[in-house]
Engineer: 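Input: one structure, supplied below.
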Amino acid sequence: MADTKLLDGRLIVTTGDITRMTTEAIVNAANSSLMGGGGVDGAIHRGGGPSILEECKRLRKSRYPDGLPTGDAVVTGAGNLPAKYVIHTVGPVWGDSGEAEKLAGCYRRTLEEAAKLSLKEVAFPAISTGIYGYPKEEAARVAFAAVRDFLETSKLPETVHFVFFSPRDARVFLDTLSQG
Ligand code: ADP
């Protein structure tokens with residue numbers, strides 16, 4: 001499926017494996033332990049090698065002894081991946097209280113961290129829509145609104161990529177937005 005550009009070209013909807021993205025940063029749908037897991041998390045740690053986990057362990061000791069809170073974000077290097085940084089964020093499990101606000105927080109906090117590092121490009125997976133069970137349509141609305149609101153007031157990052165694992169998921173995203 002061809003890429004689709006939204007928000008004056010600043011949001012690019014694409015399909016593929018996020019670990020292959022050559023953007024400066026890719027986003028990990030982590031869990032609060034920061035110790036790795038399934039889905040995107042597993043793929044990033046497998047592809048990036050042990051240095052990412054080492055950095056996560058140090059962050060747990062220094063800044064997050066109780067784990068990274070849901071809706072927050074933290075940056076590490078990307079090890080052997082083409083990206084330079086991984087921004088780890090913890091999405092809400094579907095059924096948590098205040099899940100939409102927490103999911104929006106993931107996008108906002110990640111973009112804040114990217115802007116702090118003066119990054120031009122960041123690639124997100126569809127946070128919470130895998131193991132955490134967030135319905136893809138609901139997540140689409142939240143993710144789009146959060147990114148739109150952030151980019152309205154910030155020049156950086158210049159471009160955000162939404163990377164869907166399957167063309168079908170990308171289609172659900174675009175169809176959901178076009179339905180308003
Ligand atoms: P969560 O625990 O936040 O739900 P998951 O990693 O289980 O995170 O899934 C989030 C989304 O990422 C799902 O839609 C899943 O299909 C997708 N996904 C899984 N692996 C990859 C990958 N390598 N690249 C891009 N997206 C992926």
Side-chain angles (χ1 to χ4, degrees), residues 1 4 6-7 11 13-19 21 25-48 52-53 55-57 59-61 63-76 86-114 122-152 160-180:
M1 195 180 121
T4 303
L6 304 170
L7 302 175
L11 176 61
V13 179
T14 191
T15 302
D17 177 354
I18 199 164
T19 65
M21 292 296 287
I26 61 171
V27 178
N28 184 14
N31 58 61
S32 76
S33 80
L34 296 177
M35 292 298 114
V40 176
D41 202 4
I44 286 176
H45 282 281
R46 269 195 309 279
I52 302 176
L53 187 59
E55 249 186 281
C56 286
K57 283 182 180 162
L59 283 167
R60 280 297 305 274
K61 275 203 182 123
R63 287 168 61 189
Y64 301 105
D66 300 325
L68 183 67
T70 303
D72 204 352
V74 70
V75 183
T76 68
V86 176
I87 307 178
H88 306 261
T89 188
V90 182
V93 176
W94 178 247
D96 277 1
S97 61
E99 63 237 312
E101 186 42 49
K102 287 176 186 158
L103 185 60
C106 288
Y107 286 89
R108 188 173 59 243
R109 283 285 305 116
T110 297
L111 292 169
E112 279 170 11
E113 291 300 309
V122 179
F124 283 93
I127 298 165
S128 287
T129 65
I131 297 159
Y132 282 3
Y134 212 108
K136 291 175 202 275
E137 293 84 355
E138 311 272 339
R141 289 191 194 95
V142 173
F144 178 77
V147 169
R148 180 198 57 206
D149 292 353
F150 188 89
L151 294 184
E152 258 169 25
V160 171
H161 299 251
F162 277 180
V163 183
F164 291 95
F165 212 23
S166 68
R168 187 181 180 169
D169 287 352
R171 179 49 53 208
V172 169
F173 177 83
L174 292 169
D175 286 351
T176 302
L177 294 193
S178 68
Q179 283 155 19

Engineer: Indicate yes or no for a side-chain donor-acceptor contact from Ser128 to the backbone of Pro92 under 3.5 Å, with no hydrogens or angles considered.
Structural biologist: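 Indeed, once roles are kept as given, a pair shorter than 3.5 Å links the two residues.
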Engineer: Under the side chain to side chain contact (heavy atoms under 4.5 Å, CB included) test against Tyr134, which residue among Ile127, Val142, Asp96, Val93 passes?
Structural biologist: Val142
Engineer: First locate atom CD of Glu152, then atom CG of Leu7, and finally report the distance between them rounded to the nearest 0.5 Å.
Structural biologist: 8.5 Å
Engineer: Quick one: pull up CG in Asp169 and OG1 in Thr15 and give me the separation to the nearest 0.5 Å.
Structural biologist: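 Rounded to the nearest 0.5 Å, the CG-OG1 separation comes out at 8.5 Å.
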Engineer: Measuring from atom OH of Tyr132 to atom CD of Glu99, what distance do you get when rounded to the nearest 0.5 angstrom?
Structural biologist: 13.5 Å
Engineer: Between atom CZ of Arg60 and atom OG of Ser32, what is the distance when rounded to the nearest 0.5 Å?
Structural biologist: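 It is 7.0 Å, given to the nearest 0.5 Å.
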Engineer: What's the spacing between Cys106 SG and His88 NE2 if we round to 0.5 Å?
Structural biologist: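 Nearest 0.5 Å value for the SG-NE2 distance: 13.5 Å.
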Engineer: What I'd like to find out is whether the side chain of Leu6 reaches to under 4.5 Å of the side chain of Phe144, using heavy atoms alone.
Structural biologist: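 When only atoms from C-beta onward are counted, Phe144 and Leu6 do touch, with a gap below 4.5 Å.
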Engineer: Do you know which two heavy atoms are closest between Thr76 and Cys56, and how far apart they sit?
Structural biologist: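 Smallest interatomic distance, heavy atoms only, reads CG2-SG, 4.2 Å.
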Engineer: Might you point out which heavy atoms bring Thr19 and Ile26 nearest each other, and give the distance in Å?
Structural biologist: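 Scanning both residues, the minimum pair turns out to be CA-CD1, 4.3 Å.
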Engineer: Give, for atom CZ of Arg108 and atom CG of Leu103, the distance between the pair rounded to the nearest 0.5 Å.
Structural biologist: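 Reported value, rounded in 0.5 Å steps: 10.5 Å.
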Engineer: According to the salt bridge (charged side-chain N to carboxylate O under 4.0 Å, His left out) rule, which pairs have a member within residues 171-180, sequence neighbours left out?
Structural biologist: Arg171-Asp175
Engineer: Ignoring hydrogens, what is the shortest heavy-atom contact between Val75 and Leu59? Give both atom names and the distance.
Structural biologist: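 Smallest interatomic distance, heavy atoms only, reads O-CD1, 4.1 Å.
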Engineer: Would you indicate whether the side-chain heavy atoms of Glu113 and Val74 approach each other to under 4.5 Å?
Structural biologist: no
Engineer: With a 3.5 Å cut-off and sequence neighbours excluded, list the donor-acceptor pairs that the side chains of residues 63-72 form with protein atoms.
Structural biologist:
residue: Asp72; atom: OD1; partner: Arg109; partner atom: NE; Å: 2.8
residue: Asp72; atom: OD1; partner: Arg109; partner atom: NH2; Å: 3.1

Engineer: Over 60° means perpendicular and under 30° means parallel, so classify the ring planes of Phe173 and Phe164, tilted if in between.
Structural biologist: tilted
Engineer: Any non-hydrogen side-chain atom of Ser97 less than 4.5 Å from a side-chain atom of Lys102?
Structural biologist: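 When only atoms from C-beta onward are counted, Lys102 and Ser97 do touch, with a gap below 4.5 Å.
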Engineer: What pair of heavy atoms forms the shortest contact from Leu177 to Ala140, and how long is it?
Structural biologist: CD2-O, 4.2 Å
Engineer: Could you report the tightest heavy-atom contact between Ala114 and Val122, atom names first, then the distance?
Structural biologist: CB-CG2, 3.5 Å
Engineer: Could I get the full list of ring-ring contact (aromatic ring centres under 6.0 Å, His included) partners for Tyr107, not counting sequence neighbours?
Structural biologist: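 Scan of Tyr107 (ring-ring contact (aromatic ring centres under 6.0 Å, His included), adjacent residues dropped) gives Phe124, Phe162.
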